[in-house]
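First comes the structure, then the notes that go with it.
All residue numbers refer to positions in the sequence shown, counting from 1.
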Amino acid sequence: MVRGRVVSALDGRPVPGAAITAADTTVRTDRRGRFELPDVPAAATELTVTRPAWQPATVSIPTSETMLTVELEPFVVKGLRVSSYVASDPQQFEELLQLAADTVVNTLVFDTKDETSQVLYETEVELAHEIGAVNPMYDPVELLGRARELGLYTITRIVTFEDSSWARGVPEGALNGRWVDAARRANWEYPLALAEEACEIGFDEVQFDYIRVPAGQLSSQTIARVPAEEAERVAAIAGFLAEARDRLHARGCGVSAAIFGIVMSSETDERLGQTPESVSEVVDAISPMVYPSHYSPGWLGFADPNSFPGPVVAHSLDTGAERMAPGSLLRPWLQGFYYNGAQVKAQIAEADSRGAGWIIWNASGSYGRSWLPSE
């Protein structure tokens, strides 16, 4: 019998859901990061510890029955989004790979289904073809191969419950307009099928975006069909992500979620179904969109929050991090539009100083070399 616990090397918090393997036996850590590995063969001298989005570890099995503590290092993402324009242009993609090779960038985030509701590669998921959503723009197998040659971590971003093609093609599952009902379990299968296919293609991780219920300027008919209680909204989104985690972890893929930046500091779900507590409980990493341009005048006392990228990002990370569940990593989306290099670097510096990862968003996929640290 080997007993122990797995903790984060970053902050000492427990890492639940880590797989502990010795010989042919595997167990997982509980919510407190603890494990018991029974019947370890006498010939086994080492055990391995793995969890998606974390660095694997190998440790020696103690000769005496002592409590073993394993520190697991998080994989700290330093990423850039690959727009469909860049993915479909071999020259631009090679230039992006060179930028990654010359800087600290270790991750590329590809769209496989984006805000247009289009699936951007030749998918085998039947529903995508039935609703006319397939628009092949690049070959993910080819581009993933190039990224893997450079040792880059790869994430695919799947826009989930805002999908005009899906809403038109399957009206019984739609709310109104371009939104699909996230609380309807039958609606989970389409994005999950795309996510499972992405794992089979070779992506290391799937990030779900627009995993929320609609809010804001919508028809009264749509609003009437959205769960009125926060607990119901939160349960719907967390339920979908938990199902995604179970399916994708079984395939060796990590799972992350892009969430609105404002919920990191809000006392409510902002009528979106997203809170740091509920989302981080069921995914490997959360990526709040902490774009300073998205905060209203007066936020943190700034007349124009967009002019203070460092303090705005710092506040969002600090208020949200303390609410996250153990074992979930924080890697915000940072603003790479309307900004110069100094402003982008100010955001990166705040994330780096907290041991968090980061991903830069630029719609066209254009990034300045001066924005990025080289070491």
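With hydrogens and angles disregarded, no donor-acceptor distance shorter than 3.5 Å links the side chain of Thr50 to the backbone of Thr48. Of the possible donor and acceptor atoms, none in the side chain of Arg51 sits under 3.5 Å from a partner among the backbone N and O of Pro56. With hydrogens and angles disregarded, a donor-acceptor distance shorter than 3.5 Å links the side chain of Asp269 to the backbone of Arg271. With Lys345 contributing its side chain and Ser370 its backbone, the two residues share a donor-acceptor pair below 3.5 Å. Between the side chain of Asp89 and the backbone N or O of Gln92 there is at least one donor-acceptor pair closer than 3.5 Å. At distances below 3.5 Å, at least one donor-acceptor pair connects side-chain atoms of Asn187 with backbone N or O atoms of Asp181. In this structure, Gln274 contributes its side chain and Ile211 its backbone to a donor-acceptor pair below 3.5 Å. Within the 3.5 Å criterion, the main-chain N or O of Leu108 finds no donor-acceptor partner in the side chain of Thr154. The backbone N or O of Lys78 sits less than 3.5 Å from a side-chain atom of Asn106, completing a donor-acceptor pair. Remark: side-chain polar atoms of Arg13 are not paired, donor with acceptor, to backbone N or O of Val7 under 3.5 angstrom.
Considering only heavy atoms from C-beta on, Phe203 comes within 4.5 Å of Leu144 through its side chain. In this structure the side chain of Lys113 never reaches within 4.5 angstrom of the side chain of Val134, judged on heavy atoms. At a threshold of 4.5 Å between non-hydrogen side-chain atoms, the residues Gln118 and Met137 do not count as touching. Residues Leu334 and Ile359 have side chains not in contact (no heavy-atom distance under 4.5 Å, counting atoms from C-beta outward). The side-chain heavy atoms of Glu46 and Thr21, taken from C-beta on, include no pair separated by under 4.5 Å.
In this structure, Tyr85 is not a member of the same hydrophobic cluster as Leu80, with clusters built from ILVMFWY side-chain heavy atoms closer than 4.5 Å.
A donor-acceptor pair shorter than 3.5 Å can be found between the side chains of Gln98 and Asp102. A donor atom on one side chain and an acceptor atom on the other are not found under 3.5 Å apart for Ser287 and Ser256. With no hydrogens or angles considered, a side-chain donor-acceptor pair links Asp284 and His249 at under 3.5 Å. For the 3.5 Å distance criterion, the side chains of Ser293 and Tyr339 fail to qualify, holding no donor opposite an acceptor. Between the side chains of Ser328 and Ser280, not a single donor N or O lies within less than 3.5 Å of an accepting N or O. When only modelled atom types and interatomic distance are considered, Ser83 and Ser364 share no side-chain donor-acceptor pair under 3.5 Å. For the residue pair Gln343 and Gln347, no side-chain donor N or O sits within less than 3.5 Å of a side-chain acceptor on the partner. Counting only N and O atoms by type, the side chains of Tyr121 and Glu197 include a donor and acceptor under 3.5 Å apart. Between the side chains of Asn362 and Gln335, no donor N or O sits under 3.5 Å from an acceptor N or O.
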Go through the steps for Thr156 and Thr112 under the test side-chain hydrogen bond (donor to acceptor under 3.5 Å, both in side chains), then give the verdict.
-> CA-CA 6 Å; Thr156 184; Thr112 44; 2.6 Å; yes
Test salt bridge (charged side-chain N to carboxylate O under 4.0 Å, His left out) on Asp163 and Arg178 and set out the steps.
-> CA-CA 5 Å; Asp163 187 318; Arg178 64 187 188 276; over 6 Å; no
Show your reasoning for whether side-chain contact (heavy atoms from CB on, under 4.5 Å) applies to Trp333 and Val109.
-> CA-CA 11 Å; Trp333 279 102; Val109 182; 4.1 Å; yes
Check the pair Arg28, Glu36 against salt bridge (charged side-chain N to carboxylate O under 4.0 Å, His left out), reporting the backbone distance first and the verdict last.
-> CA-CA 9 Å; Arg28 293 191 179 273; Glu36 289 188 353; over 6 Å; no
For the pair Glu277 and Met324, evaluate side-chain contact (heavy atoms from CB on, under 4.5 Å) and give the outcome as yes or no after the intermediate values.
-> CA-CA 5 Å; Glu277 294 89 346; Met324 290 174 56; over 6 Å; no
Mind running side-chain contact (heavy atoms from CB on, under 4.5 Å) on Leu248 and Cys199 for me, showing each step along the way?
-> CA-CA 7 Å; Leu248 300 185; Cys199 287; 3.7 Å; yes
Run the side-chain contact (heavy atoms from CB on, under 4.5 Å) check on His129 and Thr123 step by step: do they pass?
-> CA-CA 8 Å; His129 292 276; Thr123 178; 3.9 Å; yes
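Smallest separation of non-hydrogen atoms from Gly336 and Val344: CA-CG2, 4.4 Å. Across all their heavy atoms, Gly33 and Thr29 have their closest contact at O-CG2, 3.4 Å.
Of the charged side-chain nitrogens involved, at least one lies within less than 4.0 Å of a carboxylate oxygen, so that Arg247 and Glu189 count as a salt-bridged pair. Between Arg245 and Glu205 there is no salt bridge, since none of the side-chain N atoms of the basic residue sits less than 4.0 Å from a carboxylate O of the acidic one. Taking 4.0 Å as the cut-off between side-chain N and carboxylate O, Glu350 and Arg354 count as a salt-bridged pair. The residues Arg212 and Glu270 are annotated as not salt-bridged, no charged nitrogen and carboxylate oxygen being separated by less than 4.0 angstrom. A salt bridge between Arg146 and Glu142 is absent, with no side-chain N of the basic residue lying under 4.0 Å from a carboxylate O of the acidic one.
Phe208 pairs with exactly one of Phe161, Phe240, Trp188 by the ring-ring contact (aromatic ring centres under 6.0 Å, His included) rule, that one being Phe240.
Ring orientation note: the planes of Phe302 and Phe308 are close to parallel, at an angle under 30° on the 30°/60° scale.
In this structure, Arg81 satisfies the cation-pi test against Trp361, with its NZ or CZ atom closer than 6.0 Å to the six-membered ring centre and inside 45 degrees of the ring normal.
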